[in-house]
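Just below is one structure, and these are the notes that go with it.
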Amino acid sequence: MKLPELKIGNLVAAIPIIQGGMAIRISTAKLAAAVGEAGGIGLIAASGMSFDELRNEIRLARSLTKGIIGINIMVAAREFSGIVKTAIEEGIDLVVAGAGFSRDVFALGKESGTPIVPIVSSAKLAKISEKLGAAAIIVEGKEAGGHLGTDQALHSILPEIVNAVKIPVIGAGGVMSGHDIVETLKLGASGVQMGTRFAASLESNAAPALKEFYLKARPEDIVLIDSPVGLPGRALNNPFAEKIIGSTAPTPETCDACLKHCKKNFCIIKALIRAQQGDVETGLVFTGEYIHKIDEILSVKEIFNRLLAEVETIN
């Protein structure tokens, strides 16, 4: 089998793979550019970045590839609108918005001609997104890493959503192999989003200790935590995750007010930064459900080569 192109607005990706935006600072310019260079769509995770840092990341990615580069930003972030405007000013190719739903973002996209791609988990939100002007939608199942909008598997919600809209639908959550890509496309998706597989890549900005932690993961290490954002989150079990589950995680002593609404059960930005920097004891390690299927850290180019080789063997 040969994979189709992925068309979002005026953008055409030779390979229908979007690299998930993983914050804080796991998917930065180097990873996004490598994915864009390989023919997919690379995303810079903008959550937790200042406007200047985001500008620098976008410019760096542009210097590394002529491929398609977008950002992923949490709707729950207080600076959501400012981040989107900054990315658009820098000429970003597309904006992916998750961890909440924003109606306002579509006007920003319409004004500049920038494709807006919301992450949804229901046919209702997919229809609203299309009506508001979404260029495509990403449908995320329960297998995804990070913040979750559903407790249902991708393959059980995808067909209904594909039938509900006319814009491209990208399947996300648990996509790890060429076989997974083909199965998702057979259900009507125009492409897939893969996060966890790229978190454990050479170009990922995760610290070496965090990448090693990924490789040691077993199926029974996956847990759900209660995020301050107000959504459940999928993570790897460690002492900090156990404290969150047991409601004994330290509450923030100081608050940067980075979220529009925060439950303040712990500081998620600082916890994610600790993990990204290699502190796998007191950091929050977001991950997809099938992290245990990854047994080596590969370059983005090699990941693409292996995925495409596997797809070619499928009839």
Side-chain angles (χ1 to χ4, degrees), residues 19-32 43-58 60-61 71-80 82-83 86-87 96 98-100 144-148 195-196 198-214 217 223 225-245 248-288 291 297:
Q19 157 252 316
M22 296 162 286
I24 304 294
R25 298 183 185 88
I26 285 179
S27 45
T28 50
K30 195 176 173 189
L31 175 57
L43 298 183
I44 294 166
S47 299
M49 286 187 181
S50 69
F51 299 160
D52 283 344
E53 184 182 358
L54 178 59
R55 286 184 195 282
N56 290 335
E57 287 295 326
I58 294 171
L60 177 56
I71 63 157
N72 170 292
I73 176 67
M74 292 197 306
V75 175
R78 188 173 295 278
E79 294 289 4
F80 172 77
I83 285 283
T86 300
V96 175
H147 293 109
L148 304 174
T196 301
F198 292 114
S201 68
L202 283 176
E203 291 89 348
S204 157
N205 198 39
L210 179 53
K211 293 181 188 181
E212 285 302 313
F213 195 62
Y214 290 148
V223 294
I225 60 102
D226 183 19
S227 168
V229 166
L231 293 167
R234 185 177 303 289
L236 274 175
N237 199 15
N238 67 356
F240 189 71
E242 286 174 4
K243 283 180 180 175
I244 299 170
I245 294 164
T248 59
T251 52
E253 287 177 20
T254 57
C255 181
D256 297 332
C258 62
L259 300 173
K260 292 171 187 165
H261 306 285
C262 181
K263 292 164 75 173
K264 292 188 168 63
N265 51 328
F266 67 94
C267 179
I268 189 166
I269 295 282
K270 290 184 176 125
L272 289 169
I273 289 171
R274 290 195 297 271
Q276 181 266 331
Q277 292 176 346
D279 181 350
V280 296
E281 296 288 310
T282 71
L284 174 61
V285 182
F286 270 161
T287 186
I291 182 80
I297 306 296

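The shown structure was predicted, so the numbers you read here are calculated from the model rather than taken from an experiment. Index from 1, following the sequence.
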Shortest non-hydrogen contact between [X] and [Y], atoms and distance:
X    : Y    : answer
A45  : G21  : CB-C, 3.8 Å
V285 : A275 : CG2-CB, 4.0 Å
I71  : A87  : CD1-CB, 3.7 Å
G278 : A209 : O-CB, 3.5 Å
A32  : I44  : CB-CG1, 3.9 Å

Using only atom types and a distance under 3.5 Å, with no angle test, would you say the side chain of [X] pairs donor to acceptor with the backbone of [Y]?
X    : Y    : value
N237 : V223 : no
T86  : F51  : no
N72  : L43  : no
R274 : D279 : no
S27  : M22  : yes
K30  : L60  : no
K264 : P228 : no
E281 : P239 : no

Quick one, [X] and [Y] - any side-chain contact, counting heavy atoms below 4.5 Å?
X    : Y    : result
I24  : Q276 : no
F198 : I26  : no
I225 : I245 : yes
Y214 : L236 : yes
L259 : V229 : yes

Suppose we screen for side-chain hydrogen bond (donor to acceptor under 3.5 Å, both in side chains). Which residues come up paired with [X], at least two apart in sequence or across chains?
X    : value
R234 : none
S227 : H147
K263 : D226
N56  : none

Pairs of donor and acceptor atoms involving the side chains of residues 266-273, under 3.5 Å and at least two apart or interchain, shall be tabulated with distances.
none

What is the distance from atom [atom1] of [X] to atom [atom2] of [Y], rounded to the nearest 0.5 Å?
X    : Y    : atom1 : atom2 : answer
T282 : N238 : OG1   : CG    : 8.0 Å
R78  : I83  : CZ    : CD1   : 14.0 Å
R25  : M49  : CZ    : CE    : 6.0 Å
K260 : E79  : NZ    : CD    : 10.0 Å
C258 : M74  : SG    : CE    : 6.5 Å

Open item on the list: Let's go through L231 and L148 carefully: what are the C-alpha distance in whole Å and the side-chain angles of both, what is the deciding distance for side chain to side chain contact (heavy atoms under 4.5 Å, CB included) to 0.1 Å, and is it a yes or a no?
Closed with: CA-CA 6 Å; L231 293 167; L148 304 174; over 6 Å; no
Task: Heavy atoms of other groups near K211 NZ, more than 12 under 6.0 Å - done: yes
Open item on the list: Suppose we screen for salt bridge (Lys or Arg N to Asp or Glu O under 4.0 Å). Which residues come up paired with D256, at least two apart in sequence or across chains?
Closed with: none
